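In what follows, every heavy atom counts, from backbone to side chain, and hydrogens, waters and symmetry copies are set aside. Values in this document were obtained by computation on a predicted structure and should not be read as measured data.
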Amino acid sequence: MKTNDTLAIGLMTFAMFLGAGNIIFPPFLGLEAGTHLLPAMAGFLITAVGLPALTLIVFGRLSDSKQLTNPLPNWLATLIWVALLTAVGPAFSMPRAVTVAYEMGINPFVDSDQLPLFSLIFCSLTLLLAFHPGKLVDYIGKVMTPLLIIMLCTLAVTAIINPLSAPLAPQGEYINFAFTQGLVQGYMTMDAIAAVGFGWVIIKAINSKGVTGKKAVGKATFKVALIYIVLMGACYLAMGYVGATSSPIAHAATNGGELLSLYVAHHFGDYGQLLLAAIIIMACLTTTVGLTNACTEYYQQTFGVPFRRTASIVVVLTGFIANVGLDQILALSLPAILVLCPVAIALILCALFYPGQQKYRNTYIAAITIALFFGSIDAASILDAVPAALDESFKQWLPLYSANASWLLPCALVLLSRRVLLFNTPQQPESSKA
């Protein structure tokens with residue numbers, strides 16, 4: 001693939017991942033980590049950037065998104081894909097992007113509730129861009145992303161040249177466990193589940209450039225993932241530094257969005273609010289366009305549903321659900337994503353070690369079942385639905401329960417034990433075992 005095409009698809013990938021949450025979360029992490037910013041950010045980058053990048057690389061090795069679930073029974077594979085794409089599409093992620101774009105980009109400038117009108121305009125623009133999937137790389141990779149990077153660089157350069165203060169002492173868990181706290185917070189971005197959806201779009205974009213061979217697709221995807229790692233890592237570091245040096249204005253902030261708003265207002269005045277609004281709206285728009293295409297690509301390939309019909313349904317549902325309100329969307333989405341994200345990562349780990357082969361069906365099913373079971377425990381914990389006595393037992397005996405990642409070690413043990421079993425009986429197909 002030509003270098004310009006690789007760069008354009010890499011820029012598109014970065015922009016699709018760069019939602020409002022990716023921009024507003026690191027500043028608050030930087031504020032709390034203070035002088036421990038570097039170890040905290042190192043842990044954060046491993047899970048917030050490393051996991052999604054690994055997902056993209058695995059997709060490249062498979063060369064076809066559907067091969068991720070190829071060893072599973074058809075009904076189970078379809079169920080998983082529909083659940084994952086519904087979660088990152090019209091049910092949760094897309095409506096959240098619309099409401100965040102409104103809350104941070106429009107609401108500060110209006111006196112009345114304009115969410116219905118804004119969601120109509122925003123979703124119409126999303127649909128207009130999604131209707132031309134062949135131009136997606138040009139729209140996002142070559143036009144919108146460079147503008148987004150320029151705006152983010154403006155904030156980063158300002159923080160470096162004119163910091164409000166030196167980083168203060170770390171707070172809370174960042175005092176003694178900065179690296180591990182960064183790992184946990186990076187995992188909670190849940191970008192790994194978004195990567196499963198975006199894999200459809202990225203592989204399709206690579207194929208559209210005439211690259212279809214398995215090795216060629218894998219090589220191109222690896223280069224795209226590297227571009228994503230560099231750009232997203234730089235964005236997180238810059239926004240983290242903004243937060244770490246913003247303590248003089250941070251007393252009124254309770255989250256990263258408020259902190260970033262105070263920062264741009266202090267440095268740029270009214271123009272800063274406009275700058276931040278433009279960044280947030282554009283970041284959310286690139287995300288909704290990418291997710292719309294991910295959903296429609298799947299339904300078109302799997303069920304033969306016309307692209308425009310599926311795109312229209314996805315975007316209309318997004319607009320309706322967005323008007324429920326951000327608080328309600330967040331309350332409903334977090335438990336569901338905490339269940340689905342482990343399933344998605346378990347699939348990626350299976351495909352990494354047992355790529356797309358039918359004889360490993362039992363391994364896939366076992367890993368998914370474990371991830372679903374323990375992910376449900378994590379979701380119940382978030383909802384305070386775990387009885388107090390059981391909650392204390394889980395905290396004491398279930399590793400990573402307090403980090404909402406209790407599924408990780410059991411799933412890893414399943415994959416490792418299966419690997420040892422297969423090594424000792426290499427000639428016996430796993431699917432034939434009792």
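With I206 as reference, V211 is the one residue of T6, D5, V211 to meet the side chain to side chain contact (heavy atoms under 4.5 Å, CB included) rule. Only one option out of V314, L85, L291 pairs with P90 in a side chain to side chain contact (heavy atoms under 4.5 Å, CB included); it is V314. V343 pairs in a side chain to side chain contact (heavy atoms under 4.5 Å, CB included) with only one of the listed residues (T369, I368, I370, I348), which is I368.
K204 contributes atom NZ, which lies 12.5 Å from atom CD1 of I9 (distance to the nearest 0.5 angstrom). The line from CG of L147 to CD1 of I279 is 11.0 Å long, rounded to the nearest 0.5 Å. Atoms CG and CD1, on L51 and I345 in that order, are 5.0 Å from each other to the nearest 0.5 Å. For the atom pair Y102 OH and I121 CD1, the distance stands at 11.5 Å (nearest 0.5 Å). A distance of 9.5 Å separates CG in D378 from CZ in F394, rounded to the nearest 0.5 Å. Remark: T154 OG1 to L276 CG distance equals 12.0 Å, nearest 0.5 Å.
The shortest side-chain heavy-atom distance between L347 and Y364 falls under the 4.5 Å cut-off. In this structure, the side chains of F268 and T158 come closer than 4.5 Å at one or more pairs of heavy atoms. Counting heavy atoms from C-beta on, the side chains of L262 and H266 never come closer than 4.5 Å. The shortest side-chain heavy-atom distance between I160 and Y241 falls under the 4.5 Å cut-off. The closest side-chain heavy-atom distance from C284 to V98 is not below 4.5 Å. L398 has its side chain within reach of F374: a pair of non-hydrogen atoms, C-beta onward, lies under 4.5 Å apart. Taking 4.5 Å as the limit, some side-chain heavy atom of S312 sits within range of a side-chain heavy atom of L127. Counting heavy atoms from C-beta on, the side chains of V242 and L260 come closer than 4.5 Å.
Separation of the F44 and F25 ring centroids falls under the 6.0 Å cut-off.
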Chi angles and distances behind the side chain to side chain contact (heavy atoms under 4.5 Å, CB included) call for W200, Q301: CA-CA 10 Å; W200 288 87; Q301 289 187 29; 3.3 Å; yes
Test side chain to side chain contact (heavy atoms under 4.5 Å, CB included) applied to I149 and F14, step by step: CA-CA 10 Å; I149 291 174; F14 164 71; 3.8 Å; yes
From CA spacing to verdict: side chain to side chain contact (heavy atoms under 4.5 Å, CB included), L275, L155: CA-CA 9 Å; L275 174 65; L155 292 181; 4.0 Å; yes
Worked verdict on T318 versus F122 for side chain to side chain contact (heavy atoms under 4.5 Å, CB included): CA-CA 10 Å; T318 296; F122 190 92; over 6 Å; no
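In this structure, T286 contributes its side chain and A15 its backbone to a donor-acceptor pair below 3.5 Å. Distance alone, capped at 3.5 Å, places no donor-acceptor pair between the T302 side chain and the Y299 backbone. Remark: side-chain polar atoms of T145 are paired, donor with acceptor, to backbone N or O of L11 under 3.5 angstrom. Checking side-chain atoms of S93 against main-chain N and O of G89 turns up no donor-acceptor pair under 3.5 Å. At distances below 3.5 Å, at least one donor-acceptor pair connects side-chain atoms of S119 with backbone N or O atoms of P116.
Residues T287 and G19 approach most closely at OG1-CA, 3.5 Å, considering heavy atoms. The two residues A48 and P52 make their nearest non-hydrogen contact at O-CG, 3.3 Å. Of all heavy-atom pairs spanning I193 and C341, the tightest one is CD1-N, 4.0 Å. Between C235 and L152, the closest heavy-atom pair is SG-CD1, 4.0 Å. For the pair A311 and T292, the tightest heavy-atom approach, listed with the atom from each and the gap, is CB-CG2, 4.0 Å. The two residues T288 and A97 have their closest heavy-atom pair at CG2-CB, 3.7 Å.
Sparse packing is recorded around CZ of F177, with 12 or fewer heavy atoms of other residues, nucleotides or ligands lying under 6.0 Å away. The 12-atom threshold is exceeded at CZ of F109, counting heavy atoms of other residues, nucleotides or ligands nearer than 6.0 Å.
If you check the side chains of N107 and D113, you find no donor sitting under 3.5 Å from an acceptor. Between the side chains of W81 and T69, at least one donor-acceptor pair of N or O atoms lies under 3.5 Å.
D391 meets the side chain to side chain contact (heavy atoms under 4.5 Å, CB included) test with S381, V386, K395, Y401; sequence neighbours excluded.
Every pair passing side-chain hydrogen bond (donor to acceptor under 3.5 Å, both in side chains) that includes a residue from residues 163-178 is listed here, sequence neighbours excluded: S165-S247.
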